[in-house]
Amino acid sequence: MARHNELGKEGEEVAAAYLAGKGYTIRHRNWRCGKKELDIVAQYEQELIVVEVKTRQETRFGNPEDAVTDKKIRRIVASTDAYLKKFALDLPVRFDIITLVGKESSFTIEHIEEAFLSPIW
């Protein structure tokens, strides 16, 4: 596995542990339905939280959250719609981003709640 893939996987592990430590229930990690994918699907009280995780070793080329483009947001929202339908859920949804910067066990974590809203097409 390429080093950047390993770093991303480590970041997702740390992000899931971070959320669990804050009282979130992790419903799914790396949930897939065809080409659709969600990094972390969690629940906090009566709200579904869809979390996009971005991990970088450094910010020299920009902040990790900058990689969540409009196109990526549309994919996340479409994937969330598929998730809600598959599991017949009727919960409010919040879209968060968790960024991790650093190496292995020394990440700086930022949790951006309500990072974006579902666009209207």
Side-chain angles (χ1 to χ4, degrees):
M1 183 182 295
R3 178 67 193 130
H4 71 278
N5 290 338
E6 291 175 15
L7 184 68
K9 189 172 182 169
E10 291 167 12
E12 288 183 9
E13 292 281 338
V14 171
Y18 169 86
L19 290 169
K22 296 285 186 181
Y24 292 72
T25 301
I26 306 299
R27 294 178 56 99
H28 288 96
R29 291 180 50 202
N30 295 309
W31 181 80
R32 292 182 184 274
C33 180
K35 292 185 176 185
K36 295 174 174 59
E37 185 210 354
L38 299 172
D39 290 344
I40 298 175
V41 181
Q43 189 168 338
Y44 188 73
E45 297 174 355
Q46 294 301 310
E47 188 171 36
L48 194 72
I49 315 298
V50 176
V51 182
E52 178 67 12
V53 180
K54 292 296 179 192
T55 309
R56 302 289 185 269
Q57 285 187 347
E58 55 188 50
T59 58
R60 182 173 49 185
F61 298 109
N63 294 321
E65 64 270 22
D66 295 341
V68 183
T69 62
D70 288 342
K71 183 177 179 180
K72 180 69 174 172
I73 289 170
R74 285 193 295 276
R75 279 194 217 140
I76 292 168
V77 170
S79 299
T80 301
D81 186 53
Y83 186 92
L84 291 167
K85 288 177 182 173
K86 179 166 179 69
F87 295 102
L89 296 174
D90 186 21
L91 294 171
V93 177
R94 185 178 88 203
F95 297 99
D96 292 2
I97 298 172
I98 291 183
T99 65
L100 299 101
V101 178
K103 297 179 183 177
E104 298 176 17
S105 61
S106 62
F107 289 115
T108 299
I109 300 171
E110 182 181 3
H111 183 184
I112 306 167
E113 295 182 13
E114 297 182 42
F116 57 88
L117 300 173
S118 175
I120 299 173
W121 296 295

Between Asp70 and Arg74, is there a side-chain N and carboxylate O pair less than 4.0 Å apart? no
Are any of the side-chain nitrogens in Glu114 or Arg94 under 4.0 Å away from the carboxylate oxygens of its partner? no
Heavy atoms only: give me the nearest Ile40-Ala16 pair and the separation to one decimal. CD1-N, 3.8 Å
How close do Lys36 and Ala78 get, counting heavy atoms only, and between which atoms? CE-O, 3.9 Å
For Glu58, I'd like to know if atom CD has over 12 heavy atoms of other residues, nucleotides or ligands within 6.0 Å. yes
Less than 4.0 angstrom from a charged side-chain N to a carboxylate O is my criterion; do Lys72 and Glu52 meet it? yes
Might you point out which heavy atoms bring Gly11 and Thr55 nearest each other, and give the distance in Å? CA-OG1, 3.4 Å
Look at Glu37 together with Arg75 and state whether they make a salt bridge at an N to O cut-off of under 4.0 Å. no
Return the CG to OH distance between Leu91 and Tyr44, rounded to the nearest 0.5 Å. 15.0 Å
Sub-4.5 Å side-chain heavy-atom contact between Ile97 and Val51: no
Give a yes or no on this: more than 12 heavy atoms of other residues, nucleotides or ligands lie within 6.0 Å of atom CG of Leu117. no
If we ignore hydrogens and angles and just use 3.5 Å, is the side chain of Glu6 paired with the main-chain N or O of Gly8 as donor and acceptor? no
Has Asp39 got a side-chain atom pairing as donor or acceptor with Asn30's backbone, closer than 3.5 angstrom? no
Are Ile112 and Asp96 close enough, and set up right, to give a side-chain contact (heavy atoms from CB on, under 4.5 Å), and what steps lead you there? CA-CA 6 Å; Ile112 306 167; Asp96 292 2; over 6 Å; no
Any side-chain heavy-atom pair from Phe107 and Val101 closer than 4.5 angstrom? no
Measuring from atom OH of Tyr18 to atom CD1 of Ile109, what distance do you get when rounded to the nearest 0.5 angstrom? 7.0 Å
Calculate, to the nearest 0.5 Å, the distance between atoms CG and CZ belonging to Asn63 and Arg56 respectively. 10.0 Å
